[in-house]
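Here's the structure we're looking at; comments come further down.
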Amino acid sequence: MRAFVPRRLAAISRKEWIQLRRDRRSMILAFLLPLILLLFFGYAITWDVEDISLAVLDEDASAESRALIEAFTSSGLFNIRDHPASAVEAGQVLTRGSIGAVLVIPPGYARVVGDPSRSATVQLLLDGSDANTATIALNYADAIVARMGAQLLVAGATPASGTSLPRGPLLETRAWYNPNLESRHMIVPALIAVIMSVIAAMLTALTIAREWERGTMEQLAATPASRLEIVIGKLLPYLAIGLFDVAVTVVAGRVIFGTPLNGSVMLLALMTTLFLVGALGLGIFISAAVKSQVLATQVAMVATYLPAILLSGFLYDIASMPRPLQAFTFLVPARYFVTVTRGIFLKGVGLEALWPQALLMTLYAVLGLALAIRAFRKELPE
């Protein structure tokens, strides 16, 4: 086995950096695309629902019913857009899709709500065609009514059914790590994992394929450098770029989106390095296997982008997926990095909580390098 010579590795890294600097597309991909993706996804993706359009059918027209309506409007979450005159008209505004919810206050509401021995009933009609918004609106309404002095449970219903408002003990809740339950603070840390998995694989997917297409593979094959030295030498510039990109996205996430970083920066850097080595090794493996820049880019996108978006827990809860798909997510490295970034950013946890992810990402880094070295051949085809 040929001895490992750091000087040869440094020469390969310098050659790769010079080639990268001359490729304007790769430079844009390396330095601008991560920030563009962070801004685009950070602003475009949100599960926070505000300014819900509400119609009110007040059949009681009492001070108590007006107080309930005022509680909805003063919350800043609901915006009254219509006042239907009947239950039929209330159903029609939902059908048209111009209103997301209808609050129906029945006759006699004031009399019943003032009687401690009885439970008042109101009705909240929801447009279930948008299940996410309907669920959030239901939770908002529940909290608003509960703040009126009793534990009041508001359930979404069809026009034919109503909602019982039973009294009971008050429930005081508190959200840890993300007190305001802002979805942006959950999205931004996970975005770092998704962006890096895509960018890293796409950048290195061009390295070996570029050598073949430009006809410089003969020069690379003629060097005394071993396959290990060539692979690591080509990987190092992109590892430095990846760490720089992560630093930029972390700062941008804090400054632009206000996402807190409660954990260790050094631990985040270490975990990022492990993840990037695996992703970069996967890219070099793809590049060496297909020998075409266009095809390598397409394969890298399919192998990294779709799994990172769909199967990492970034957008969809893994526990809610079918069991076969849940099992498949264990093969998606971004799943572990998403857990790491959210844990460090929001929870401030250390290696004592993240050691399983650290171990699996170490295996991913070793596997990525091994695949890249195995796929790369210095021997030219006859």
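The structure presented is a predicted model; accordingly, all values stated were derived computationally and were not measured.
When the shell of 6.0 Å around CZ of R14 is examined, it contains 12 or fewer heavy atoms from other residues, nucleotides or ligands. Shown here is R7, whose CZ atom has no more than 12 heavy atoms of other residues, nucleotides or ligands within 6.0 Å.
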### Query
Can E16 and Y238 be said to form a side-chain contact (heavy atoms from CB on, under 4.5 Å), step by step?
CA-CA 9 Å; E16 189 66 28; Y238 299 104; 2.7 Å; yes

### Query
Passes side-chain contact (heavy atoms from CB on, under 4.5 Å), L363 versus L367? Steps please.
CA-CA 6 Å; L363 295 176; L367 178 62; over 6 Å; no

### Query
Are L268 and M271 close enough, and set up right, to give a side-chain contact (heavy atoms from CB on, under 4.5 Å), and what steps lead you there?
CA-CA 5 Å; L268 178 62; M271 294 292 199; 5.6 Å; no

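Here L228 contributes atom CG and I373 contributes atom CD1; the two are 4.5 Å apart, rounded to the nearest 0.5 Å. Rounding to the nearest 0.5 Å places CE of M301 at 11.5 Å from CD1 of I286. With rounding to the nearest 0.5 angstrom, the CD1 atom of I230 is 5.0 Å from the CD1 atom of I12. Rounding to the nearest 0.5 Å gives a distance of 11.0 Å between OG of S13 and CD1 of I18. Taken from CD1 in I309 to CG in L191, the straight-line distance is 7.5 Å, to the nearest 0.5 Å. To the nearest 0.5 Å, atom CG of residue L32 and atom CD1 of residue I28 are 6.5 Å apart.
Between V194 and F41 the shortest side-chain heavy-atom distance does not fall below 4.5 Å.
In this structure, the side chain of Q357 does not engage the main chain of F337 through any donor-acceptor pair within 3.5 Å. Of the possible polar contacts, none joining the D60 side chain to the I105 backbone as a donor-acceptor pair under 3.5 Å is found. Judged by distance alone, with hydrogens and angles left aside, the side-chain atoms of T341 form a donor-acceptor pair with the main-chain N or O of V338 at under 3.5 Å. A donor-acceptor pair under 3.5 Å is formed between the side chain of E352 and the backbone N or O of G350. Remark: side-chain polar atoms of N262 are paired, donor with acceptor, to backbone N or O of F345 under 3.5 angstrom. Side-chain atoms of N79 never come within 3.5 Å of backbone atoms of S53 as a donor-acceptor pair (strictly under, hydrogens ignored).
Residues V366 and L359 are members of separate hydrophobic clusters, defined by side-chain heavy-atom contacts under 4.5 angstrom among Ile, Leu, Val, Met, Phe, Trp and Tyr. Both L261 and V349 belong to a common hydrophobic cluster when Ile, Leu, Val, Met, Phe, Trp and Tyr are linked at side-chain heavy-atom distances under 4.5 angstrom. Taken together through direct or relayed side-chain contacts under 4.5 Å among Ile, Leu, Val, Met, Phe, Trp and Tyr, I318 and L306 form part of one hydrophobic cluster. Note: the hydrophobic cluster containing L346 does not contain M266 (ILVMFWY, side chain heavy atoms under 4.5 Å, direct or indirect links).
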For residues 239-257, tabulate all N or O donor-acceptor pairs below 3.5 Å that involve a side-chain atom, not counting sequence neighbours.
| residue | atom | partner | partner atom | Å |
| --- | --- | --- | --- | --- |
| T249 | OG1 | D245 | O | 3.0 |
| T249 | OG1 | V246 | O | 2.8 |

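Sequence neighbours left out, not one pair with a member in residues 313-336 passes salt bridge (charged side-chain N to carboxylate O under 4.0 Å, His left out).
Put simply, the residue from V56, V93, I99 that forms a side-chain contact (heavy atoms from CB on, under 4.5 Å) with R81 is I99.
Ring planes of F275 and Y364: tilted class, angle from 30 to 60°.
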